[in-house]
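See structure below.
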Amino acid sequence: MAEIHDAYDTILILDFGSQYSHLITRRCRELNVYAELMPCTQKISQLTWKPKGIILSGSPYSVYDDDAPHVDPDVFTFGVPVLGICYGLQEMASYFGGKVGGSTHREYGHADVEVIKLGNEFQLANKLLDGLGEQFQVWMSHGDQISTAPNGFHVVGKTRTAPFAAIAHESKPFFGIQFHPEVTHTPKGKDIIGRFVLNICECDASWTMESFISKEISRIRELVGETAQVIGAVSGGVDSSVAAKLMHEAIGDRFHAILVDNGVLRMNEAARVKKTLCEDLGVNLQVVDASELFLSRLAGVEDPEQKRKIIGNTFINVFEEEAGRIESRVEEQGRGKIEFLLQGTLYPDVIESISFKGPSATIKTHHNVGGLLKDMKLKLIEPLRELFKDEVRALGRLLSIPSHLVGRHPFPGPGLAIRILGPVSREQVQILQKADNIYIEEIRAAGLYDQIAQAFAVLLPVKAVGVMGDKRTYEQVIALRAVQSEDFMTADWFAFPPAVLRKISSRITNEVAGVNRVTYDISSKPPGTIEWL
Ligand SMILES: Nc1ncnc2c1ncn2[C@@H]1O[C@H](COP(=O)(O)OP(=O)(O)OP(=O)(O)O)[C@@H](O)[C@H]1O
Ligand SMILES: O=c1[nH]c(=O)c2[nH+]cn([C@@H]3O[C@H](COP(=O)(O)O)[C@@H](O)[C@H]3O)c2[nH]1
Ligand SMILES: NC(=O)CC[C@H](N)C(=O)O
Ligand SMILES: [Mg+2]
């Protein structure tokens with residue numbers, strides 16, 4: 001089966017554990033060149049495809065550490081250009097006989113690189129920083145430095161404290177830079193990556209969502225064949241909706257989508273998703289109302305991890321049962337067997353699981369359908385597996401998915417259960433649904449929805465005293481949360497105009513029975529997380 005790297009010129013990024021490795025992938029793709037990240041332990045001889053070039057990432061290690069990860073030497077005999085970034089540069093330098101050591105000049109932050117243009121006989125070496133001016137600003141983050149040049153390399157850029165800020169081999173397409181071109185703090189970073197992937201590796205800049213759609217649709221058709229059926233869980237969120245629409249384009253009603261109403265969805269969510277997916281997008285969607293089952297299992301449970309587990313497990317039970325029902329119906333109709341399960345896995349999930357360092361500490365168990373249906377022997381289809389969220393949104397727009405859906409804030413699988421801080425009950429769900437609905441309505445009315453990465457209301461399990469119509473009230477508290485975030489790994493609270501908050505607060509306390517007080521959460525992540533549980 002053809003894969004994306006077979007269809008497009010591809011840059012291979014070997015990850016040595018830098019925080020910025022995935023950004024290198026992003027920058028290449030923004031240049032319309034497809035790029036894939038693999039752990040640095042990947043053996044070049046075991047690659048089943050041929051990259052047009054290789055980039056070695058940064059790393060928290062020092063090349064001289066005992067347990068430092070090292071580059072597979074085959075990288076340098078594979079016959080493609082290689083660019084080392086920071087640790088990647090240091091690895092390349094020490095492989096070619098240069099010296100790398102701890103420096104007294106640790107550099108974090110901005111630096112100015114002075115370009116050193118070599119003579120005309122070094123045309124290739126000059127290509128990396130060609131046309132960028134005599135000097136440009138970069139962002140540095142390193143404690144180690146090259147002290148002796150590697151054999152056959154020349155300096156093509158230096159800073160006040162880093163004499164080997166950029167080096168290039170005299171005759172081979174090997175380059176190294178001490179700074180980080182992948183971060184936005186290096187203003188010409190994308191141009192430099194462009195010099196490498198476009199001018200040096202000569203990649204064809206053909207990676208666009210338009211071309212991805214048609215290639216992916218034919219790939220799915222070939223994979224699924226003429227008769228097989230596919231099932232998939234959809235939530236009405238961006239990822240599963242885009243994946244579902246793509247499936248529908250590829251195989252029509254041989255794709256069976258299932259939405260589980262777990263009783264902790266937003267107000268009218270199940271009906272709204274059904275309308276959009278079935279009526280607007282033509283997807284064959286079954287809504288299963290399992291709210292009784294979920295709420296009965298959640299009754300009295302306060303512990304957040306416990307809530308997540310109950311929802312995750314119940315979800316699997318309900319999904320399997322429904323899948324079985326669809327299977328017997330399909331068999332009755334004499335149609336092909338259900339052979340595949342669609343999942344909306346995105347590239348950040350994949351990246352997380354390929355890290356060569358192993359998983360990081362668990363802060364909370366994100367409910368993921370990933371572990372679903374282990375013994376059902378269904379084969380996985382993950383059409384978004386190579387895409388970042390904004391690529392998925394672009395894909396959604398091209399597939400004519402309505403913009404209110406494509407631009408939606410993410411919504412967690414365990415839903416309102418992790419936004420009700422005490423025990424979950426239908427009454428508590430209804431209070432939160434109403435407050436959340438008013439909050440989002442007002443955010444949209446103020447034209448702020450797209451400036452916010454995620455906004456939601458939280459129902460606190462405490463009561464406060466208030467006064468309404470001259471009478472004492474003793475009711476619950478709603479906390480509002482709104483954050484700005486690039487990747488949801490870090491986040492900052494959103495600064496609302498006071499008038500918007502005033503209107504939201506007044507509407508919630510007036511319209512939602514059981515709530516007499518509204519607060520606004522001004523915690524960033526870290527130290528907070530985005531959700532409260
Ligand atoms: N209520 C639900 N019914 C069916 N499937 C669900 C439900 N909630 C979550 N899922 C499944 O879990 C997956 C992971 O959820 P996740 O929230 O990460 O993605 P999403 O909902 O598709 O998109 P978004 O990140 O925009 O919310 C979904 O893609 C979907 O397959
Ligand atoms: O699909 C999901 N299942 C979950 O269990 C889950 N928990 C948190 N989130 C979402 O992840 C992002 C980061 O959230 P935290 O800062 O709270 O960890 C935010 O966007 C959260 O909404 C979830 N998404
Ligand atoms: N960002 C990096 O790749 C750092 C590499 C190495 N740990 C140094 O401090 O120089
Ligand atoms: Mg979701």
Side-chain angles (χ1 to χ4, degrees), residues 11-18 21 24 38-45 47 51-103 105 107 113 115-119 121-130 138 140-159 161-181 192-193 195-197 199-201:
I11 295 290
L12 170 62
I13 293 143
L14 290 175
D15 177 24
F16 289 83
S18 158
S21 303
I24 311 173
M38 291 184 131
C40 58
T41 46
Q42 171 67 43
K43 284 264 162 270
I44 297 299
S45 59
L47 278 180
K52 289 278 283 187
I54 299 177
I55 299 181
L56 313 174
S57 83
S59 174
Y61 289 91
S62 290
V63 292
Y64 49 80
D65 286 342
D66 287 340
D67 53 349
H70 291 298
V71 62
D72 177 358
D74 287 353
V75 159
F76 301 111
T77 52
F78 195 50
V80 300
V82 183
L83 171 67
I85 295 177
C86 202
Y87 183 89
L89 156 82
Q90 297 163 4
E91 257 306 280
M92 187 185 276
S94 55
Y95 178 79
F96 285 100
K99 275 212 174 60
V100 178
S103 157
H105 292 290
E107 273 187 301
V113 170
V115 176
I116 299 168
K117 198 164 183 298
L118 305 176
E121 67 274 33
F122 298 109
Q123 246 185 17
L124 175 61
N126 280 332
K127 269 190 173 178
L128 186 68
L129 304 181
D130 186 35
V138 300
M140 293 276 198
S141 172
H142 66 115
D144 299 333
Q145 272 206 5
I146 300 181
S147 53
T148 313
N151 300 323
F153 281 79
H154 292 274
V155 173
V156 293
K158 61 176 184 188
T159 70
T161 56
F164 298 92
I167 60 173
H169 194 274
E170 57 193 12
S171 57
K172 295 186 178 138
F174 299 154
F175 304 83
I177 47 187
Q178 184 59 71
F179 56 89
H180 289 269
I192 296 166
I193 293 177
R195 297 286 186 284
F196 180 69
V197 304
N199 303 356
I200 295 167
C201 300

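Of all heavy-atom pairs between H154 and L118, the closest is CB-CD1, 3.7 Å. Of all non-hydrogen atoms in L89 and Q178, the two that sit nearest each other are CD2-OE1, 3.4 Å. Taking every heavy atom of both residues into account, I54 and I44 meet most closely at CD1-CD1, 4.1 Å. Closest approach of S62 to D144, counting heavy atoms only: OG-OD2, 2.6 Å. Here the shortest heavy-atom pairing between T148 and F164 reads C-CZ, 4.3 Å. Between F175 and A125 the shortest heavy-atom distance is CE2-O, 3.8 Å.
Here the straight-line distance linking atom CD1 of I192 with atom NE2 of H180 works out to 12.5 Å at 0.5 Å rounding. Once rounded to the nearest 0.5 Å, the distance linking CG of L129 with CD1 of I116 reads 9.5 Å. With rounding to the nearest 0.5 Å, the separation of OG in S103 from NE2 in H142 is 7.0 Å. Separation of atoms CD1 (I13) and OG (S18) is listed at 11.0 Å; rounding is to 0.5 Å. We find the CD-CD1 distance between Q90 and I146 to be 6.5 Å, quoted to the nearest 0.5 Å. Residue C40 holds its SG atom at 9.0 Å from OH of Y61, rounded to the nearest 0.5 Å.
Between P51 and F78 there is a side-chain heavy-atom pair separated by less than 4.5 Å. M92 has its side chain out of reach of V71: every pair of non-hydrogen atoms, C-beta onward, lies at least 4.5 Å apart. Side-chain contact between V155 and P163 is absent, with no heavy-atom pair separated by less than 4.5 Å. Side-chain contact check for F179 versus E107: every heavy-atom pair is 4.5 Å or farther apart. Looking at heavy atoms from C-beta onward, L124 lies in side-chain contact with P173 at the 4.5 angstrom threshold. In this structure the side chain of C201 reaches within 4.5 angstrom of the side chain of F196, judged on heavy atoms.
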Practice task
Decide side chain to side chain contact (heavy atoms under 4.5 Å, CB included) for L14 and Q42; before the verdict, give the C-alpha distance in whole Å, the side-chain angles of both, and the deciding distance to 0.1 Å.
Solution key: CA-CA 8 Å; L14 290 175; Q42 171 67 43; 4.2 Å; yes
Handout entry: Intermediate values then yes/no, side chain to side chain contact (heavy atoms under 4.5 Å, CB included), I177 and V138
Key = CA-CA 10 Å; I177 47 187; V138 300; over 6 Å; no
Handout entry: Worked check of side chain to side chain contact (heavy atoms under 4.5 Å, CB included) between D74 and K43
Key = CA-CA 8 Å; D74 287 353; K43 284 264 162 270; 5.9 Å; no
Exercise for the section: Verify side chain to side chain contact (heavy atoms under 4.5 Å, CB included) between L56 and F16, making sure each step is shown before the conclusion. Expected result: CA-CA 7 Å; L56 313 174; F16 289 83; 3.9 Å; yes
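Within a 6.0 Å sphere centred on CG of D66, heavy atoms belonging to other residues, nucleotides or ligands number 12 at most. No more than 12 heavy atoms of other residues, nucleotides or ligands sit less than 6.0 Å from atom NZ of K158. Atom CD of E121 is surrounded by more than 12 heavy atoms from other residues, nucleotides or ligands within 6.0 Å.
In this pair, F153 and F174 present their aromatic rings parallel. The plane angle is below 30°, not in the 30 to 60° band.
With Q145 contributing its side chain and T161 its backbone, the two residues share a donor-acceptor pair below 3.5 Å. For the pair S59 (side chain) and G17 (backbone), a donor-acceptor distance under 3.5 Å is absent.
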